[in-house]
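The block underneath contains the structure these notes are about, expressed in structure tokens.
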Amino acid sequence: MVCAGCNYAKIGTAVDAADPFDTVLVAKGEYLEHGIKITKPLCLIGENYPKVNGEFKGEIITIFADSVTVDGLFLVNVGTSYTVDYAALRLVRCKYFDIKNLVLERLFFGIYLEKANHGRIFHNKIIGNAKDEYNSGNGIHLWYSHNIVVERNIIQKVRDGIYLEFSDSVSIRNNHSRENLRYGLHFMFSNNDSYTNNIFDNNGAGVAVMFSKFIVMTNNVFKNNWGSTSYGLLLKEIYDAEISNNRFIKNTTGINIEGSNRINYTGNHFESNGWAIKVLGACYANVFTQNNFINNSFDLSYNSKLNDNRFEGNYWSSYSGYDLDRDGIGDVPYRPVKLFSYIANRTPESIVLLRSLFMDIIDFSEKVSPVFTPDNLVDPYPRMKAIK
Amino acid sequence: MLKILKYSFIDLARSRWTYVYLLFYLALGFVLLFLNNDLGKGIITIMNVIIILVPLISTIFGVMYYYNSAEFTELLLAMPINRPLIFIGQYLGVAISLSISLVLGLGIPFLIYGLSQSAAIWDFSLLLLIGSALSFIFTGLAFNLAMRNDHKIKGFSYAILLWLFLAVIYDGIFLMLLIVMEDYPLDVFALIATAVNPIDLSRILVLLKLDISALMGYTGAVFKSFAGTLPGMLVASGMLFLWTAIPILGIFRKSRRKDF
């Protein structure tokens, strides 16, 4: 038990004095402490959110042991450094940990996992005040950490909401990541991960997935990632991924795809985006089925004449064909790439001609006889009604 | 002049075409809002219509009115009235009645569908303002062309050509230039080329209000810093004003010299 008048007035001394598998209870109050090191299995539990103030001097809690639980603390004022990644809570080479119900404010890095495996990060709230990318850290940072569950966290105003590097088999569920400077969620060189039911709102870019394999992305919402270089979802060198039942609403670019192969896009909903999907560079054997494309300025943009991707059975709100046999599938194939999107790729300034009569006319003529856009890029079975 | 304006206006108010024009806008407004109840989306569709149709109709209407009232004009010219004022009066009569049809025709359906409570009211007002400006500009241009060509068919052809040029061909040339010079920084060029054509300028002004600027990337930022600020707005409205003033001056000059 730690409190102002108890045997232990500091959390650090209480932790040092505890035996393995003890529980350290921290009462409500303010503790001016940093550099607390946990080197044995412990339960560190705060009652009514005691405030641990690091006074901007460095790392607040560092865990080196297996089977540690940290619950219900309010950690503030982590030191900022340009040489050391100070975190509010760092886990180093440990297993079977449970980090829950923490509130973090005015931080550099939030929860930093360094070669820590088999743990859970549950129901934390991380509120940063990042202004520039170069002197801010990430909310939840995973580095060489496998088999982690990240669930029900709220992360806002940090650099990257959740960052994964060389971390496999991580499951990210029901998180809310918003107003982050760079990405809401960021994968680098991490395989076999999944994220579902998350909301990414108003970030520099919603989610960036780079150089990773076998990632499953389902039921997420990407919205309001709006700005001159903003994306809902940025894919770079991604293989064999599954992207289904996500909603992309009001992003400058819904999905930006670069060098990504064998990805299935199913049942996604793209609404009111600038570009719903932007395909750059070599993307092969991707399949787009049962998606809704509603009121996007451009549904699809390609920067080459080559196409090896398949589009089938999607709903396109700008489809103008007919359905004589009334089977719900349009009788005329739909061409999602407009000539204008091709031109706008080549000469970005030409976007000032958006919605002009001239552009409508040349788009129409390109639709009738494709010259510049890939001529095999059609949806042969466009749906007449949006998929529910 | 006011008297002539009044006569022209009353003459037009009795004309069938003014009502057809008004009814067309009323129908358009109601159908659009009936099909989708979202005012914001309705405004985008209406923008497309305004940018294309208002210039076309103003041009044709202007030319038509000038030729149809040629006899009456000759009668007026026999009276001791200042010559330019006769034509300016007629011009204002046509332009004002067209603007009123536009504002009423689109305003009524949108008001009924609850525009006044909607946040889109400023965008919509801007749209109507731009539509009215376009009516004035293109009626003026039409009068100029008609005064310079006594031959009806010739006058009509020139008027249609003028519309075609500003609405379509200009953008084509603009795009060609952009593509040919794609290796150079083009933001300022694009800005100037847009500002010079009243149709393009109106389109961009409305699009920027509808927050499509982020779509335009860096170019959009340049435009936003131009049109989003007070000096930029002043320059833009200055350009529209210039486009109205020059045809009026043309009417003045031509009407002094013209031999009837």
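Chain letters run A, B, ... following the sequence lines, proteins first and then strands; every chain starts at 1.
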If you take all heavy atoms of B/Phe174 and A/Leu353, which pair is closest and at what distance? CD2-CD2, 3.6 Å

Here the pair of heavy atoms bringing A/Arg355 nearest to B/Met47 is CD-CE, 3.8 Å

Could you check whether atom CZ of A/Phe364 has more than 12 heavy atoms from other residues, nucleotides or ligands sitting under 6.0 Å from it? no

Might you confirm whether atom OH of A/Tyr315 has over 12 heavy atoms from other residues, nucleotides or ligands at distances under 6.0 Å? yes

Pair count under 4.5 Å, heavy atoms only, with chain A: among B/Asn48, B/Ile169, B/Ile51, B/Leu186, highest is B/Leu186

Is there side-chain contact between B/Asp200 and A/Val352, with at least one heavy-atom pair below 4.5 Å? no

With a 4.5 Å limit on heavy-atom distance, are the side chains of A/Met359 and B/Leu175 in contact? yes

Considering the options B/Ile199, B/Asn197, B/Asp171, which one meets the side-chain contact (heavy atoms from CB on, under 4.5 Å) requirement together with A/Ser356? B/Asp171

Would you give the length of the straight line joining atom CG of A/Leu357 to atom CH2 of B/Trp163, rounded to the nearest 0.5 angstrom? 6.0 Å

